[in-house]
Amino acid sequence: MFADSPAFSGFSVDDIDEARTFYGETLGLRVEANSMGFLNVHLANGGVILIYPKQDHVPATYTVLTFPVTDIDAAVTELNAKGVVTKIYDDDNTDERGIARPPKPEYGPPICWFRDPAGNVLSVLVD
């Protein structure tokens, strides 16, 4: 039924201007305002994420967007240099910079979570 539909995903933020700056300048993604005043965030694989303002926005407590990287240490260093806090979970499963490094490959790849200005959870993981 939807096999040929150009589907997309989206999530809300509380401040569309902060989101434009964060996704465009901090993360370096191509961001465009659409005709409704929402943001279209263009991903390297051709996908588009719709970001829309919501007055009663509640941050997602789960990961809404993941960026696969080849070098998680370099990605986290760059995020930290741009002021992004990557230590958002305070537990024994992450190192001082917030990177979780599973002890065995079958437990999953190294991953690190961070938040956008609206509090939504994003991540980088080794691809």
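We use all heavy atoms of the structure for the numbers below, so side chains are in, but hydrogens, waters and symmetry mates are not.
No side-chain N or O of Asp127 forms a donor-acceptor pair with one of Thr70 less than 3.5 Å apart. Side-chain contact annotation: Ser123 with Thr66, donor-acceptor N/O pair under 3.5 Å present. With hydrogens and angles left out, the side-chain atoms of Thr63 and Trp113 include a donor and acceptor closer than 3.5 Å.
Taking both residues in full, the closest heavy atoms of Tyr52 and Gly10 are given as CE2-C, 4.2 Å, listed atom of the first, atom of the second, then distance. When every heavy atom of Phe114 is checked against every heavy atom of Leu27, the shortest pair comes out as CE1-CD2, 4.2 Å. Closest of all the heavy-atom pairs between Pro59 and Asn120 is CA-OD1, 3.6 Å.
A 4.5 Å side-chain heavy-atom check between Leu29 and Phe67 finds at least one atom pair inside the cut-off.
The existence of a salt bridge linking Arg20 and Glu18 is excluded, since no basic side-chain nitrogen approaches an acidic carboxylate oxygen closer than 4.0 Å. A salt bridge is absent between Asp95 and Lys87: the closest approach of a Lys/Arg side-chain nitrogen to an acidic carboxylate oxygen does not fall below 4.0 angstrom.
Gln55 CD: 12 or fewer foreign heavy atoms inside a 6.0 Å radius.
Across Ile49, Leu39, Ile51, a single residue satisfies side-chain contact (heavy atoms from CB on, under 4.5 Å) together with Tyr23, and that is Ile51.
Each of Phe8 and Leu43 belongs to its own hydrophobic cluster when Ile, Leu, Val, Met, Phe, Trp and Tyr are linked at side-chain heavy-atom distances under 4.5 angstrom. Note on Leu65 and Val76: same hydrophobic cluster, where clusters join Ile, Leu, Val, Met, Phe, Trp and Tyr whose side-chain heavy atoms are under 4.5 Å apart, directly or indirectly. Following chains of ILVMFWY side-chain contacts shorter than 4.5 Å, one can reach Val41 starting from Val64, so the two form part of one hydrophobic cluster.
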**Message:** Set out, in order, the CA-CA distance, both residues' side-chain angles and the distance that settles side chain to side chain contact (heavy atoms under 4.5 Å, CB included) for Arg101 and Thr94, then state yes or no.
**Reply:** CA-CA 7 Å; Arg101 299 178 195 274; Thr94 60; over 6 Å; no
